[in-house]
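Order of the sequence lines sets the chain letters (A, B, ...), proteins ahead of strands, with each chain counted from 1.
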Number of protein chains: 2
Amino acid sequence: MTPPSSARARPGPPRALSEAEILAAALRLLDQGGPAALSVRGVANEVGVSPNALYTYFPTKSALARALVEGLLGQVDRRTLVDRSQPWRTRIVAFALAVRTLLLDHPGAVPLLLGSPYDGPNALASHEELLEVLADAGLTPEDAARAAYLIITYILGSIALDVAEHDPAAAPLDEPARTAARRAALTHIPPGSYPRTAASAEVIAAYNTTTQYTWGLRRLLDGLAGSTATTR
Amino acid sequence: MTPPSSARARPGPPRALSEAEILAAALRLLDQGGPAALSVRGVANEVGVSPNALYTYFPTKSALARALVEGLLGQVDRRTLVDRSQPWRTRIVAFALAVRTLLLDHPGAVPLLLGSPYDGPNALASHEELLEVLADAGLTPEDAARAAYLIITYILGSIALDVAEHDPAAAPLDEPARTAARRAALTHIPPGSYPRTAASAEVIAAYNTTTQYTWGLRRLLDGLAGSTATTR
DNA sequence: ACCTGAACACCGTTCAAGT
DNA sequence: ACCTGAACACCGTTCAAGT
């Protein structure tokens, strides 16, 4: 018995285009060529369709970008963040590292992320979970909310500054290569004008490392812990 | 005696175009219509010249954008930052507020700032001066450098998140209006799914205020002060 | 050195038309 | 509902030419 030709089940004659397929193609272009490569016409070409066909699925290019960002945020590993058996610092550090790992794998998405409001379901879920960790840390609801925003701000700000140095069209570099490039650039700055900067060149070259990222986060968490009694 | 017609002094027959004039026109477009309004052709039209004439002054559009950002950073008031008679926290808070004030006056420039490497003369000078404040605060050179980057990261991250919510083409809103808009948006999120977020809606609506900004900065400075003996 | 006209290879989006 | 062809009003940049 052949099944009835419902719109759901048919393999379809020409193409079974879908939102997911479009977003996957968009992410591919973003990863290869950066934000400049993410064009409506480019995505259409990638999925083998005429440019205006995409308007059936997304009303504008920026709606497509928002959906892409939301999809990426959904891939952040939040298992440790919500694990109440872990110490609160561990949970926050794990979340911060998970966001960073994901976004450094998709640096082209960072400008998109910073250009869209932080209000999708995945953003809201992360926020809610951060409020829980900070309540578990002993903060009042008011301080927990302020602290959650401070943490989000630090995470996204750090990643944005890091990504801003890459050529979006070039192949992504690993951490030692990026530090080496920064070190090389620092040798060109005049020590006479910027003596302290020159003297700390090694640390500054490593601004974009995981070490600096977690150092800053821990100082920040220290500041939050100081505003409460318990720091378990 | 008429002066010799040196290239320097002449009022010129058609137009005395200059880098400064081009940058001023670019900033005007940016302020009125956001980053999308900053086009080579638009700037050329604004200064009354054909599009390709700009290539005499800037090799590419992104070079123009970098020069624009560098010019804006030069307008940040750093007088308190370098005033060694002031307590170190005061100096840093004053700098952070000065950067924020300037960039909220030119929100369209923020995506440009986050898209260019932080390596111009004004960026380097701020960095050098931050290292001095933090040394005055008693940090080791190594900790001072890490701390400087933490502070820069916080400043730019906060401002970026704030600006991301505005319509770049719309007229800029003042702080109470922006908070009211956030409060209105928050009433649409389901309290069942995000109970803590819903319970803290008032604080969250105020995420983009000066109060939240300085609260976060002070927690961060608390964290830095904890890593040293003296906190004068 | 500084500017123009014309062109190239792109954009996002809309509209009328087809199935 | 979903797709196409054609068009509109834009882009950044280059090239040859003028002064």
Checklist line | d(CZ, B:F58; P, C:dC2) in whole Å | finding: 13 Å
Next item on the list: Choose from D:dT4, C:dG12, D:dG12 the nucleotide whose nearest atom is closest to any side-chain atom of A:A53.
Entry: D:dT4
Notebook entry, point to check: Rounded to whole angstrom units, what separation is found between the OH atom of A:Y55 and the P atom of C:dA16?
Noted result: 17 Å
Item checked: Heavy-atom side-chain contact between A:L103 and A:V163 under 4.5 Å -> no
Item checked: Whole angstrom value for the distance that separates C1' of D:dC3 from CG of A:N45 -> 16 Å
Margin query: Using the side-chain heavy atoms of B:K61, tell me which of these nucleotides is nearest: D:dG12, C:dT4, C:dC3.
Written below: D:dG12
Report, one line per pair, each donor and acceptor closer than 3.5 Å where one atom sits in a side chain of residues 63-75 of chain B; sequence neighbours left out.
unit_1	atom_1	unit_2	atom_2	d
B:E70	OE2	B:N122	N	2.6
B:E70	OE2	B:N122	ND2	3.0

Notebook entry, point to check: When rounded to the nearest 0.5 angstrom, what is the spacing between OG in A:S50 and CG in A:N45?
Noted result: 11.0 Å
Next item on the list: State yes or no: are the ring centers of B:Y213 and A:Y149 separated by less than 6.0 Å?
Entry: no
Note to self: Strictly distance-based, threshold 3.5 Å: is any side-chain N or O of B:R182 a donor or acceptor partner for the main-chain N or O of B:I204?
What the structure shows: yes
Note to self: I'd like to check the side chain to side chain donor-acceptor pair (under 3.5 Å) partners of A:E175; sequence neighbours left out, ordered by chain and number.
What the structure shows: A:T210
Note to self: Within the structure provided, determine whether A:E129 and B:R196 are in side-chain contact (heavy-atom separation under 4.5 Å).
What the structure shows: no
Next item on the list: Could you tell me the separation between the CG atom of A:L54 and the P atom of C:dC11, rounded to a whole number of Å?
Entry: 12 Å
Check: From C:dG12, C:dC2, D:dT14, pick the nucleotide closest to the side chain of A:R41?
Finding: C:dG12
Item checked: 5'-most by nearest nucleotide on DNA chain C - B:S50 or A:T60 -> B:S50
Note to self: Whole angstroms only, please: what is the CD1-P distance between B:I22 and C:dC2?
What the structure shows: 10 Å
Check: For DNA chain D, whose closest nucleotide is more 5', that of A:P51 or that of B:G42?
Finding: A:P51
Check: Quick one: is D:dA1 close enough that its OP1 or OP2 comes under 4.0 Å of any side-chain N or O from A:T56?
Finding: no
Checklist line | Rounded interatomic separation in angstrom, taking CG from B:L17 and C1' from C:dT4 | finding: 14 Å
Next item on the list: Report the stems of DNA chain D as range-with-range entries sorted by first number; a stem here is at least three consecutive pairs, Watson-Crick or G-U wobble, both distances under 3.5 Å, and write none if there are none.
Entry: C:4-8 with D:12-16, C:12-16 with D:4-8
Item checked: Residue-phosphate contact under 4.0 Å: A:Y57 side-chain N/O, D:dA1 OP1/OP2 -> no
